Undergrad: 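Before anything else, here's the structure in question.
Residue numbers begin at 1 in each chain, while the letters A, B, ... track the order of the sequences. Only a predicted model underlies this, so the values are computations on that prediction, with no experimental measurement involved.
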2 protein chains.
Amino acid sequence: MVYKHKDIAEKLIDRHIKPSFHRIKVLEYLMANRTHPTAEQIFACLKKELPTLSKATVYNTLKLFVEAKLAREITIEDKEIRYDYTIENHGHFKCESCGTIFDFKINVDDCITEELDDFVIKDKNVYFKGICPRCFSNT
Amino acid sequence: MVYKHKDIAEKLIDRHIKPSFHRIKVLEYLMANRTHPTAEQIFACLKKELPTLSKATVYNTLKLFVEAKLAREITIEDKEIRYDYTIENHGHFKCESCGTIFDFKINVDDCITEELDDFVIKDKNVYFKGICPRCFSNT
DNA sequence: ATATAAATCTATAATCAATACAATATAGCA
DNA sequence: TGCTATATTGTATTGATTATAGATTTATAT
């Protein structure tokens, strides 16, 4: 899928973020690459197209997006944080063999107990680990 | 609750881990302190009692425990990994204001879709973020 | 017991994602 | 045009974790 810069800029403006060129490019990357990339991967890929891009800008931009709920941080394990364009109601499965992160549908609201009634829940994450079908059949 | 070293040693032997003195002390700490400590915190606390203790030993021991399913890694966010003595069917809620991590009961199995039928699931984690009642009432 | 091998542990150096910071560039506006 | 705030760059620093090599302890056999 190809996204128009104007549409991406509007998403940023909606969240009260000034649509600078670099911010548009980072968000475009997140929307086009639903591969749960790390900040490093985003930087390495965009650097080819934008030679002046700085790593600090990528980190700053991603932090802005997370605060604005445009993106989510995935911290299944490892030291590396991964980023995900926001979609509701899905969990992440990380294959311990090939490292791929898969999305799957889940609605955690169905199994929350009243224990959390007095808590303000802002973010819900479900992380599974194991072996994906492809790796499992290769054993 | 106080645990006998002999009982802790048996838990280790059950998981095919040799019950060295330091390993017993680390497991004892995890069982007695259900506060989701970091490796640093465990090290700092045990160091008082065991002056020769090395940080590397704490990391090695925790890694052993995680592999043996005696402990779980909690990676809600931050760079710091936290450790939790294994208990089934509970999620973690991190307060964005005070940083405390709370346990709550949840049974994710109830809301898993058939999407994951072909995946071997070895570990399930549920992480919530938000504001705890105490911090909320202080605003 | 003593020797030998295996495991555990220590201490320190290295790694590397993430952050902090100071300097520069750009955009918005009177 | 100049002024101010924001955005970006480039580099230095941080800090949790890992790697490593050597020392110590434990287990086993002779």
Undergrad: Base, sugar-phosphate alone, or nothing: which one does B:T57 contact when heavy atoms must sit under 4.0 Å apart?
TA: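 The answer is base, as B:T57 lies within the cut-off (heavy atoms under 4.0 Å) of a base atom.
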Undergrad: Return no unless some side-chain N or O of B:S20 is found under 4.0 Å from OP1 or OP2 of C:dA7.
TA: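 It does not, given that no N or O in the side chain of B:S20 lies less than 4.0 Å from OP1 or OP2 of C:dA7.
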Undergrad: Are B:I74 and B:M31 linked, directly or through intermediate hydrophobic residues, by side-chain heavy-atom contacts shorter than 4.5 Å (ILVMFWY only)?
TA: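 Result: no, two separate clusters.
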Undergrad: Can you measure A:L62 atom CG to D:dA7 atom P for me and round it to whole angstrom units?
TA: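 Rounded to the whole Å, the gap is 15 Å.
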Undergrad: Starting from C1' on D:dA7, measure out to NZ on A:K25 and report it in whole angstrom.
TA: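 One finds 18 Å between C1' of D:dA7 and NZ of A:K25, rounded.
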Undergrad: Do nucleotides 14-20 of chain C as a string where each nucleotide becomes B, S or -: B if the base has a protein heavy atom under 4.0 Å, S if just the sugar-phosphate does, - if no protein is that close.
TA: ---SBBB
Undergrad: Counting only side-chain nitrogens and oxygens, does B:H22 get under 4.0 Å of the OP1 or OP2 atom of C:dT10?
TA: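 Yes.
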Undergrad: Nearest 0.5 Å, what's the CZ-CZ distance between A:F104 and B:F119?
TA: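 So the CZ of A:F104 and the CZ of B:F119 are separated by 9.5 Å.
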Undergrad: Strictly under 4.0 angstrom, non-hydrogen atoms only: write out the protein contact profile of nucleotides 22-30 of chain C, one letter per nucleotide from the 5' end, B, S or -.
TA: ---------
Undergrad: Please check if atom CZ in A:R134 has more than 12 non-hydrogen atoms from other residues, nucleotides or ligands closer than 6.0 Å.
TA: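 No, the 6.0 Å shell around CZ holds no more than 12 heavy atoms from other groups.
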Undergrad: A:F21 CZ to D:dT8 C1': how many Å, rounded?
TA: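 Going from CZ in A:F21 over to C1' in D:dT8 covers 14 Å.
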Undergrad: For the atom pair CG (A:L46) and NZ (A:K55), what is the distance rounded to the nearest 0.5 Å?
TA: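 These two atoms lie 13.0 Å from each other.
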Undergrad: How many Å lie between CG on B:L12 and P on C:dA7, as a whole number?
TA: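 To the nearest whole Å, that distance equals 17 Å.
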Undergrad: How many Å lie between CZ on B:F43 and P on C:dT12, as a whole number?
TA: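 Answer to the nearest Å: 11 Å.
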Undergrad: Can you hop from B:L27 to B:L50 via hydrophobic side chains spaced under 4.5 Å?
TA: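 Yes, B:L27 connects to B:L50 through the hydrophobic network.
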Undergrad: For A:K105, look at atom NZ and say whether over 12 heavy atoms of other residues, nucleotides or ligands are found less than 6.0 Å away.
TA: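 For A:K105, atom NZ is not crowded (no more than 12 foreign heavy atoms under 6.0 Å).
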Undergrad: Could you tell me whether the phosphate oxygens of C:dT10, OP1 or OP2, come under 4.0 Å of any side-chain nitrogen or oxygen in B:T52?
TA: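 The answer is yes; a side-chain N or O of B:T52 sits under 4.0 Å from OP1 or OP2.
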Undergrad: Going by side-chain heavy atoms closer than 4.5 Å, which hydrophobic residues are tied to B:V120, directly or by a chain of links?
TA: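 Once heavy-atom contacts under 4.5 Å are chained together, B:V120 belongs with A:I131, A:F136.
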Undergrad: Whole angstrom is fine here: how far is it from CD in B:E67 over to P in D:dT18?
TA: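 Roughly 11 Å, once rounded to whole Å.
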Undergrad: Membership question, hydrophobic clusters at under 4.5 Å side-chain separation (ILVMFWY): are A:I121 and B:I106 in the same one?
TA: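 In one cluster with B:I106: A:I121, yes.
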Undergrad: Starting at OH of B:Y59, measure out to CD1 of B:I81 and round the result to the nearest 0.5 Å.
TA: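 One gets 8.0 Å once the value is rounded to the nearest 0.5 Å.
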Undergrad: Atom CD1 of A:I17 and atom P of D:dA7: how far apart are they, to the nearest Å?
TA: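 Rounded to the whole Å, the gap is 9 Å.
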Undergrad: Whole angstroms only, please: what is the CG-P distance between B:L53 and C:dC9?
TA: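 After rounding, the reported distance stands at 9 Å.
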